[in-house]
Amino acid sequence: MNYWLLRSEPDVYSIDDLKKEDVGMWEGCRNYTVRNFLRDRFKVGDLCFFYHSNIAPVGIIGIMEVVREAYPDPTQFDPKSEYYDPKADPANPRWLVVDVKFVKKFDKCVELSALKANPKLASMGVVMKGQRLSIMPVTDAEWTEVLRMTSED
DNA sequence: GCCAACGTTGGC
DNA sequence: GCCAACGTTGGC
């Protein structure tokens with residue numbers, strides 16, 4: 001199984017929104033690298049960090065689990081959606097989603113500044129400059145280390 | 001709101 | 001297939 005980090009702006013979709021729904025569709029990814037992760041590497045049972053971007057505090061706020069593997073993102077065909085893609089072909093969809101289930105919300109956000117300050121996480125995608133993917137793989141070691149940080153004071 | 005960095009597009 | 005221009009992202 002794999003570990004992932006999924007970014008979302010809480011304005012658009014927050015961990016509290018996911019908690020309310022319990023199972024949510026991770027919609028709106030419009031990047032081919034991310035699409036390929038979803039298509040090729042996301043498996044049921046994979047665990048994901050939920051990362052809040054753009055609004056303070058920026059950082060990892062909880063955990064979710066993949067409960068359904070990749071299928072076509074319905075928003076690409078919906079002209080009313082902000083994710084509508086006029087070039088998307090229903091016979092050969094470009095964009096995919098997975099379903100994720102709420103697992104837990106951390107008592108305290110593991111902030112980006114704390115991630116950056118931890119030398120063990122120096123190679124973690126999210127702390128690296130210019131790394132803008134909304135979905136990134138997380139290594140076993142990084143996963144364990146971030147979890148350890150949630151129990152720090 | 002700014003800016004750096006990167007992905008995507010389109011002309012050639 | 002290259003590459004410049006443009007758009008978008010995300011942290012601050």
Side-chain angles (χ1 to χ4, degrees), chain A residues 2-21 24-42 46-66 69-100 102-139 141-143 145-150 152:
Chain A
N2 311 295
Y3 297 115
W4 302 98
L5 181 142
L6 275 54
R7 277 199 243 241
S8 181
E9 299 183 23
D11 265 6
V12 178
Y13 192 74
S14 73
I15 193 160
D16 294 318
D17 296 325
L18 176 61
K19 186 176 184 180
K20 227 173 295 165
E21 291 188 315
M25 189 177 70
W26 202 263
E27 66 184 29
C29 292
R30 295 293 181 267
N31 169 287
Y32 288 106
T33 303
V34 165
R35 194 276 312 271
N36 295 345
F37 284 152
L38 292 169
R39 184 188 60 197
D40 303 331
R41 293 174 59 187
F42 267 68
D46 285 0
L47 294 174
C48 314
F49 285 135
F50 198 125
Y51 181 95
H52 278 175
S53 66
N54 260 321
I55 285 178
V58 166
I60 297 171
I61 187 65
I63 297 175
M64 54 203 151
E65 179 181 353
V66 177
E69 284 165 25
Y71 61 99
D73 183 343
T75 65
Q76 69 194 305
F77 307 123
D78 178 2
K80 291 196 287 289
S81 168
E82 62 171 312
Y83 301 122
Y84 177 58
D85 181 351
K87 294 185 194 159
D89 174 6
N92 185 21
R94 303 180 142 188
W95 306 117
L96 303 172
V97 291
V98 294
D99 287 351
V100 288
F102 176 83
V103 173
K104 74 182 292 188
K105 180 180 178 181
F106 298 151
D107 296 333
K108 235 174 54 187
C109 178
V110 182
E111 297 190 29
L112 179 59
S113 55
L115 298 173
K116 284 181 172 168
N118 186 335
K120 289 183 185 166
L121 301 178
S123 60
M124 196 173 182
V126 76
V127 309
M128 293 171 71
K129 196 176 179 184
Q131 180 51 274
R132 297 178 316 172
L133 295 178
S134 63
I135 292 182
M136 287 178 276
V138 171
T139 67
E142 290 160 357
W143 183 270
E145 179 63 15
V146 171
L147 286 188
R148 197 190 58 74
M149 291 169 77
T150 63
E152 277 180 352

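Bear in mind the structure is a predicted one, so any value in this text is a computation, not a measurement. By convention in this document, chain letters (A, B, ...) are assigned in the order of the sequence lines, proteins followed by strands, and residues within each chain are numbered from 1.
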message: Rounding to an integer number of Å, can you tell me how far A:Asn54 CG sits from B:dC3 C1'?
response: 14 Å

Can you give me the N/O atom pairs linking the protein to nucleotides 7-10 of chain B at distances under 3.5 Å, or say none if there are none?
unit_1 : atom_1 : unit_2  : atom_2 : d
B:dT8  : OP1    : A:Tyr32 : N      : 3.3

Given A:Phe49, A:Phe37, A:Tyr51, the one that forms ring pair (Phe, Tyr, Trp, His ring centres under 6.0 Å) with A:Trp4: A:Phe37

Stepwise side-chain contact (heavy atoms from CB on, under 4.5 Å) check, A:Gln76 with A:Arg30: CA-CA 9 Å; A:Gln76 69 194 305; A:Arg30 295 293 181 267; 3.7 Å; yes

field: Distance-minimising heavy-atom pair for A:Glu69 and A:Val98
entry: C-CG1, 4.1 Å

- prompt: Can you check whether A:Val97's main-chain N or O pairs, donor with acceptor, with A:Asp73's side chain at less than 3.5 Å?
  reply: no

query: Counting N and O atoms only, with roles assigned by atom type, does the side chain of A:Asp17 sit under 3.5 Å from a partner on the main chain of A:Ser14, one being a donor and the other an acceptor?
result: yes

message: Please give me the minimum heavy-atom distance between A:Leu96 and A:Ala70, naming the atom from each residue.
response: CD1-CB, 4.0 Å

task: Could you check A:Tyr83 against A:Trp95 for ring-ring contact (aromatic ring centres under 6.0 Å, His included), going step by step and ending with a plain yes or no?
output: CA-CA 10 Å; A:Tyr83 301 122; A:Trp95 306 117; over 10 Å; no

message: Quick check: do A:Val146 and A:Leu115 have side-chain heavy atoms less than 4.5 Å from each other?
response: yes

message: Under 4.0 Å, heavy atom to any atom of DNA chain C: which of residues 110-129 of chain A qualify?
response: A:Leu112, A:Lys116

